[in-house]
Amino acid sequence: MSRTSMVGDSSSWSTALVKISPYTFSAIGIAIAIGVSVLGAAWGIYITGSSLIGAAIKAPRITSKNLISVIFCEAVAIYGVIVAIILQTKLESVPSSQIYAPESLRAGYAIFASGIIVGFANLVCGLCVGIIGSSCALSDAQNSSLFVKILVIEIFGSALGLFGVIVGIIMSAQATWPAKSV
């Protein structure tokens, strides 16, 4: 097979990506936003919770005080749910003749990219908050004066998820579907 026949071949990746419905990309982006965010929150809660239970054996006083770390992890899942709702409201129906119009493809890709950004930013944020929360529980069990100092660091780690949400919302602003012809 010659190289020139492969350039216009209908089995290339670019052709495949253009043939997939923008609604499919949008749905996958929304699913990634919520699913990966919840995964990040669950992973962070697992890391924090296991250290909190272990450290509470030595110092039972830390249990209620360090639940704030679990709440910070849960906020990561809430960020994903909020963005998924925002992205869902961006979906609009278009006539079947305009589904593959460049404007429709751009809207589908924008929602997809927004979902990926938010999902993976919240995955990393959940891990970050979970690890810092684990350190907070272990440090607090040894020396109670360290709790507030490490909590400030945990707040900065939690801000990473908010940055992902902000970037995702900015990306989703590109999602404009073609106007319906009357």
**Message:** Return the CG to CD1 distance between Asn66 and Ile53, rounded to the nearest 0.5 Å.
**Reply:** 10.5 Å
**Asked** Quick check: does any side chain N or O of Ser172 sit under 3.5 Å from a backbone N or O of Ile169, one acting as donor and the other as acceptor?
**Response** yes
**Request:** Group every Ile, Leu, Val, Met, Phe, Trp and Tyr by side-chain heavy-atom contacts under 4.5 Å, then state whether Val76 and Ile82 land in the same group.
**Result:** no
**Message:** Any side-chain to backbone donor/acceptor pair from Ser50 onto Ile47? Under 3.5 Å, distance only.
**Reply:** yes
**Fill in**
Apart from Val167 itself, its cluster of hydrophobic side chains linked below 4.5 Å comprises Ile117, Met171
**Asked** Would Arg61 and Ser144 count as a side-chain contact (heavy atoms from CB on, under 4.5 Å) if you check the C-alpha gap in whole Å, the side-chain angles of each, and the deciding distance to 0.1 Å?
**Response** CA-CA 10 Å; Arg61 66 176 168 71; Ser144 63; 3.7 Å; yes
**Fill in**
Between Ile32 and Gly115 the two heavy atoms that sit nearest each other are CG2-O, 3.7 Å
**Message:** Can you tell me how far apart CD1 (Ile71) and OG1 (Thr48) are? Round to the nearest 0.5 Å.
**Reply:** 11.5 Å
**Prompt:** So which heavy atom on Ala110 is nearest to which on Gln174, and how close?
**Reply:** CB-CB, 3.9 Å
**Request:** Please name the pair of heavy atoms, one in Ser26 and one in Gly108, separated by the smallest distance, quoted to 0.1 Å.
**Result:** OG-CA, 3.5 Å
**Asked** Does Phe120 reach the side chain of Val36, with side-chain heavy atoms less than 4.5 Å apart?
**Response** yes
**Request:** Considering non-hydrogen atoms only, spot the tightest contact between Ile45 and Cys73 and give its length.
**Result:** CG1-CB, 3.5 Å
**Item:** Nonpolar side-chain network containing Leu146, other nodes, edges under 4.5 Å
**Value:** Ile132, Ile150, Ile153
**Request:** Apply the test side-chain contact (heavy atoms from CB on, under 4.5 Å) to residues Tyr79 and Val118: give CA-CA distance (whole Å), side-chain angles for both, the deciding distance (0.1 Å), then the verdict.
**Result:** CA-CA 8 Å; Tyr79 297 157; Val118 171; 5.6 Å; no
**Prompt:** Quick one: does Ser104's side chain get under 4.5 Å of Ile99's, heavy atoms only?
**Reply:** no
**Prompt:** For the residue pair Trp177 and Tyr23, does the interplanar ring angle fall in the parallel (under 30°), tilted (30 to 60°) or perpendicular (over 60°) class?
**Reply:** parallel
**Prompt:** What's the spacing between Ile116 CD1 and Phe25 CZ if we round to 0.5 Å?
**Reply:** 9.0 Å
**Request:** Can you sort out the partners of Phe72 under ring pair (Phe, Tyr, Trp, His ring centres under 6.0 Å), two or more places apart, ordered by chain and number?
**Result:** none
**Message:** Test question: given the 4.5 Å side-chain rule for I, L, V, M, F, W and Y, name all other residues clustered with Phe163, or answer none.
**Reply:** Leu160
**Fill in**
Besides Ile170, the hydrophobic cluster formed by Ile, Leu, Val, Met, Phe, Trp and Tyr side chains linked at under 4.5 Å, directly or via other members, contains Ile166
**Request:** Of all the heavy-atom pairs spanning Ala101 and Pro178, show the shortest one and how long it is.
**Result:** CB-CG, 4.5 Å
**Message:** Closer than 3.5 angstrom, by distance alone: can the side chain of Ser37 be matched with the main-chain N or O of Ile34 as a donor-acceptor pair?
**Reply:** no
**Request:** Could you tell me which residues satisfy side-chain hydrogen bond (donor to acceptor under 3.5 Å, both in side chains) with Lys65, sequence neighbours excluded, listed by chain and number?
**Result:** Asp140
**Ile111 side chain near Leu91 side chain, heavy-atom distance below 4.5 Å** = yes
**Prompt:** Which heavy atom in Leu52 sits nearest to a heavy atom in Ile62, and how many Å separate them?
**Reply:** CD1-O, 3.9 Å
**Prompt:** Say you draw a straight line from CG of Leu127 to OH of Tyr46; how long is it, rounded to the nearest 0.5 Å?
**Reply:** 12.5 Å
**Request:** To the nearest 0.5 angstrom, please state how far the CZ atom of Arg106 sits from the OG1 atom of Thr176.
**Result:** 4.0 Å
**Prompt:** Is the closest side-chain heavy-atom distance between Lys149 and Ser139 below 4.5 Å?
**Reply:** no
**Prompt:** Can you find a heavy atom in the side chain of Ser134 that is under 4.5 Å from one in the side chain of Leu138?
**Reply:** yes
**Spacing of SG belonging to Cys128 relative to CZ belonging to Phe156, to within rounding of 0.5 Å** = 12.0 Å
**Asked** Any chain of hydrophobic side-chain contacts (each under 4.5 Å) joining Phe147 to Val129?
**Response** yes
